Protein chains: 2
Amino acid sequence: MTATPFTSSFVDHALEVLKSQGLRITRQRRLVLAVLDTTDEALSAYEMKDRLTAQGEAIDTVSIYRIFDCLETHQLVHRVLSSGKVRRCALGDETACDKHQHHHCHHFLICQGCGRTDELHCPEILDQLEARLEALAVSPSGFRITGHHLELMGLCPACQ
Amino acid sequence: MTATPFTSSFVDHALEVLKSQGLRITRQRRLVLAVLDTTDEALSAYEMKDRLTAQGEAIDTVSIYRIFDCLETHQLVHRVLSSGKVRRCALGDETACDKHQHHHCHHFLICQGCGRTDELHCPEILDQLEARLEALAVSPSGFRITGHHLELMGLCPACQ
DNA sequence: TTCACTGCAAACCTTTTGCAATTCT
DNA sequence: AGAATTGCAAAAGGTTTGCAGTGAA
């Protein structure tokens with residue numbers, strides 16, 4: 001593992017990924033990425049459209065759906081189950097996550113006041129959670145766990 | 001806490017709750033409860049309608065939506081976030097849950113093979129999970145957690 | 001130039017709402 | 001009888017699909 005600092009920009013990272021997959025960098029994808037980059041809120045396709053419209057950019061809702069799908073496929077955004085909305089994946093704690101192979105995890109803190117959504121990238125909690133779940137699941141039920149999704153609802157400091 | 005055994009039937013329990021709330025026991029509510037009682041699958045309104053139609057019972061989809069809402073309000077069913085479907089709440093481990101006030105919890109094991117959905121009523125995991133989450137949430141983010149929803153996807157023994 | 005992507009239109013599916021008719025209690 | 005509940009029709013959302021036109025590489 002090199003100590004090379006990675007680009008701190010979510011957008012740059014996303015563009016790199018798209019490019020490396022032979023996908024095209026279009027105006028619409030740039031716009032969507034730019035909005036995702038500047039908010040902690042998870043957004044629906046219509047909310048994304050409204051934001052872009054507000055800043056004078058024309059884009060079709062259908063395109064946003066397709067871009068969301070594309071970004072989700074390449075693990076550049078998360079889908080929040082309780083709302084169906086989309087949020088950019090966090091960068092920055094990749095080393096911690098790599099170790100636990102939870103780079104693309106699905107643990108969220110959702111503020112019911114402002115909609116702010118934070119990822120929980122915490123190896124500690126992941127370890128605990130998975131160990132317990134697997135111990136629990138394997139013995140009584142025999143379930144083989146292949147994925148998980150955890151959403152915590154509450155109020156962020158600003159909204160309390 | 002009396003050692004009084006409670007009725008083992010989900011349907012009886014549900015009817016009691018409805019009655020105690022001044023709600024009416026209609027043919028349609030009985031039908032929906034009966035189907036929920038006999039499956040571990042979480043069902044959508046349309047799936048419920050199909051099952052009832054298959055057994056020769058006529059019911060409007062709108063009524064099913066309203067009945068689902070009613071049952072959810074009175075904590076007689078759970079809503080699975082990843083699918084929007086509804087599953088009966090488990091009875092039977094109430095004592096364990098009472099202690100932790102997790103009578104109506106939101107932890108599921110979902111089989112991606114057959115759709116079977118089990119509740120995770122486990123005080124141990126609940127304790128661990130909440131302690132960790134709260135410790136984690138309070139210090140760095142200041143989030144006040146008011147609810148949570150955990151879904152574990154995988155394969156049940158039969159589907160592996 | 002080529003192929004991915006977008007926009008438009010339309011279809012589709014799910015969920016909600018209003019209101020008159022029904023049916024529990 | 002009186003109020004809650006249902007069914008029907010229609011509206012309202014949200015999401016997907018097909019296809020011709022556009023634009024990135």
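Everything numeric here is computed off the predicted structure, so don't read it as measured data. The analysis underlying the following values was restricted to heavy atoms, covering all of them including side chains, and did not include hydrogens, waters or symmetry mates. Note on naming: letters A, B, ... go to the chains in the order of the sequence lines (proteins, then strands), and numbering restarts at 1 for each one.
Atom CD in B:E72 sits about 15 Å away from atom C1' in C:dT16, given to the nearest Å. Taking atom NZ of B:K85 as the reference point, atom C1' of C:dT15 lies 16 Å away to the nearest angstrom. Whole-Å rounding puts the B:I64 CD1 to C:dT14 C1' distance at 13 Å. Distance OH (A:Y65) to P (C:dG7): 15 Å, rounded to an integer number of Å. To the nearest angstrom, P of C:dT16 lies 14 Å from CG of B:D60. Here the P atom of nucleotide C:dT6 and the CZ atom of A:R24 are 10 Å apart, to the nearest Å. Distance CE (A:M48) to C1' (C:dT6): 16 Å, rounded to an integer number of Å. C:dT14 atom P lies 13 Å from atom NZ of B:K49, rounded to whole Å.
Closest to the A:L23 side chain, of the nucleotides C:dT6, C:dC5, C:dT16, is C:dC5. Of the candidate nucleotides C:dT16, C:dG7, C:dT6, C:dG7 has the atom nearest to the side chain of A:I59.
The side-chain heavy atoms of B:H78 and B:V86, taken from C-beta on, include no pair separated by under 4.5 Å. Side-chain contact between A:T117 and A:S83 is absent, with no heavy atoms from C-beta onward closer than 4.5 Å.
The 5' end of DNA chain D is approached more closely, in terms of each residue's nearest nucleotide, by A:A45 than by the other of A:A45 and A:R66. Sequence order on DNA chain D of the closest nucleotides to B:C70 and A:T26 puts B:C70 first from the 5' end.
Side-chain N/O atoms of B:R27 and base N/O atoms of C:dC24 include no donor-acceptor pair closer than 3.5 Å.
A nucleotide of DNA chain D counts as in contact with chain B when one of its atoms lies under 4.0 Å from a heavy atom; the first and last such, 5' to 3', are D:dG2 to D:dA9.
How far CZ of B:R29 is from CG of B:L31: 12.5 Å, rounded to the nearest 0.5 Å. One finds the CG atom of B:L150 at 9.0 Å from the CG atom of A:L152 (value rounded to the nearest 0.5 Å).
The side chain of A:Q28 contributes an N or O atom lying less than 4.0 Å from OP1 or OP2 of C:dG7. OP1 or OP2 of C:dG7 has at least one side-chain nitrogen or oxygen of A:S63 nearer than 4.0 Å.
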**Request:** Report the C-alpha separation of B:H148 and B:H107 in whole Å, then their side-chain angles, then the decisive distance to 0.1 Å, and conclude whether the ring pair (Phe, Tyr, Trp, His ring centres under 6.0 Å) test is met.
**Result:** CA-CA 8 Å; B:H148 57 255; B:H107 298 181; 4.8 Å; yes
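At a cut-off of 3.5 Å, with distance as the only test, no side-chain donor of B:S63 or B:Q28 sits close to an acceptor on the other residue.
In this structure, B:R29 reaches the sugar-phosphate backbone alone: every heavy-atom distance under 4.0 Å involves primed, P, OP1 or OP2 atoms, never a base.
Linking ILVMFWY residues whenever their side-chain heavy atoms come closer than 4.5 Å, directly or via other members, leaves B:I110 and B:L43 in distinct clusters.
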